[in-house]
There are 2 protein chains.
Amino acid sequence: MTVTFKDVKADLLDQIAQGVMPPGSLLPNETDLAARYGCARATVNRAMRELAEEGIVERKRKAGTRVRSAPIRQARFAIPVVREEIEAQGADYRYSLIQHRKQDVPDWLRARLSLRRGQKIVHVVCMHWADGVPYQHEDRWINPEVVPGVLRASFATSGPNEWLLAEVPFSNAEISFMAIEADQDLADHLDCAPGTALFRTERTTWLPDGPITLVRLTHRQGHRITTRY
Amino acid sequence: MTVTFKDVKADLLDQIAQGVMPPGSLLPNETDLAARYGCARATVNRAMRELAEEGIVERKRKAGTRVRSAPIRQARFAIPVVREEIEAQGADYRYSLIQHRKQDVPDWLRARLSLRRGQKIVHVVCMHWADGVPYQHEDRWINPEVVPGVLRASFATSGPNEWLLAEVPFSNAEISFMAIEADQDLADHLDCAPGTALFRTERTTWLPDGPITLVRLTHRQGHRITTRY
DNA sequence: TAGTGGTCTAGACCACTGA
DNA sequence: CAGTGGTCTAGACCACTAC
């Protein structure tokens with residue numbers, strides 16, 4: 001049986017976990033490890049590269065590979081499409097449009113998206129429901145200069161997120177999570193008391209051409225996001 | 001100049017972005033792409049593997065590689081050590097201990113961590129300050145059966161997070177983010193009004209031996225976490 | 001069952017960078 | 001400037017799975 005990069009990775013991880021390679025210690029170089037494991041250097045390289053990507057070790061040319069003293073653990077969160085998120089829970093998904101209009105870009109948004117004065121922007125507000133219960137409130141601004149098709153979209157029966165997914169293959173994004181207090185409007189839509197602590201996701205996306213959209217997703221009371229690593 | 005996997009990756013990404021390869025479309029197989037780019041198949045493989053890891057494409061043996069229609073974009077968040085997070089902002093870090101005792105495991109925690117009845121647990125509550133302003137409230141439970149050294153730690157001058165980092169090389173974890181309302185106690189410590197919406201991180205970590213710790217980090221008003229992808 | 005991706009190898013050259 | 005990781009190559013065998 002040949003030694004795979006997964007074998008090497010698992011063994012190194014095990015040695016780190018067992019304390020054989022304590023935090024800060026220097027691992028042997030790739031050539032030596034390859035000899036020890038009886039495999040090619042490329043195999044060791046892949047194992048160690050993945051450990052580095054996961055934040056377990058730190059690699060520097062000439063300096064070698066060290067066990068990180070404070071592992072930069074990073075959590076990966078999937079960014080779900082709300083319809084799929086709801087249906088994955090076995091619930092019935094429903095969408096409703098609250099507002100949809102083209103308007104002048106407000107100043108705060110112009111600053112956030114680096115837009116020009118006097119530009120128009122599409123503003124869509126809608127709700128996503130799970131089994132008839134309010135699930136998520138969506139407040140979105142879309143830049144028609146980058147995605148002109150938005151001027152012909154109605155959003156009457158499905159949300160702008162799904163429309164954008166079909167329209168824009170992918171984009172760069174900045175995403176933030178925060179806690180906010182429900183104002184009267186959000187409280188009405190999410191069926192909670194004003195002042196309730198709500199979880200909010202805010203995402204801005206760009207194409208090389210310019211900013212596409214800013215969206216504020218406010219989740220129903222008690223929503224949390226979870227991941228393992 | 002030889003063609004690198006980054007070249008291939010960038011070119012494919014560009015074609016996807018430009019709509020040359022629309023969502024759902026099938027990419028050529030590795031051998032063909034290698035011929036087209038004039039490089040080895042391994043080079044193409046690495047490029048496409050990374051695109052797959054990033055959720056841009058989907059790969060299946062025999063079926064080939066397709067552009068994802070709904071990119072499973074995933075955001076990676078670094079899990080910072082609070083001292084480093086504060087010092088990285090150029091602020092002065094200060095720590096203070098609020099409570100530290102060994103006690104019986106409360107029922108809710110026993111259920112959460114799958115502990116035995118009658119077991120003891122170390123409960124530590126402390127605060128982290130940035131430039132003299134409350135930054136984060138930490139409420140932590142540590143299982144001495146897995147990390148017995150905790151019974152000798154004082155936590156008088158530095159927090160349990162740093163102690164654990166030095167003690168436990170790494171571990172599996174489940175992390176959640178949510179919004180909560182400040183109770184009187186949190187309000188006092190974080191200098192805000194009761195009922196204020198606060199951002200909370202909750203993390204449980206395990207070693208193969210058993211659960212290590214459950215921690216609730218409550219951040220000061222207005223805290224948000226952000227990432228780009 | 002045939003085609004695709006997954007991985008290993010042995011060797012090579014190179015880029016970075018710490019001692 | 002010497003040692004380390006970063007990467008490419010050409011070829012090979014294999015594992016999975018859609019057709």
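Note that the structure is predicted; figures quoted are calculated from it, not measured. Residue numbering restarts at 1 for every chain, and letters A, B, ... go by the order of the sequence lines.
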Mind checking if B:T65 touches a base, just sugar-phosphate, or nothing, with heavy atoms under 4.0 Å? sugar-phosphate
Toward the 5' end of DNA chain C, by each residue's nearest nucleotide, A:A63 or B:R41: B:R41
Rounded distance (Å) that lies between atom C1' of D:dT4 and atom CG of A:L33: 12 Å
Can you see whether A:T213 engages A:R140 through a side-chain donor-acceptor pair at a distance of less than 3.5 angstrom? yes
Report yes or no: do B:Y93 and B:E85 form a side-chain donor-acceptor pair below 3.5 Å? no
What is the first contacted nucleotide of DNA chain C and what is the last, in 5' to 3' order, if contact means an atom lying under 4.0 angstrom from a heavy atom of chain B? C:dA2 to C:dT7
So, do A:E50 and A:F5 sit near enough that their side-chain heavy atoms are less than 4.5 Å apart? yes
Distance-only side-chain donor-acceptor flag, B:S96 / B:W129, under 3.5 Å: yes
Of A:C39 and A:K60, the one whose closest DNA chain C nucleotide lies more 5': A:C39
I want to know whether A:F177 and B:F77 have ring centres closer than 6.0 Å. yes
Between A:E54 and A:R49, does any side-chain N to carboxylate O distance fall below 4.0 Å? no
Keeping to residues at least two apart or across chains, list the side chain to side chain donor-acceptor pair (under 3.5 Å) pairs with something in residues 31-40 of chain B. B:D11-B:Y37
Ring center gap for A:F199 and A:H219 short of 6.0 angstrom: yes
Just how large is the angle between the end axes of the helix from C:dT1-D:dA18 to C:dG18-D:dC1, five pairs per end, to 10 degrees? 20°
Round to the nearest Å and state the distance from B:K62 atom NZ to D:dA18 atom C1'. 6 Å
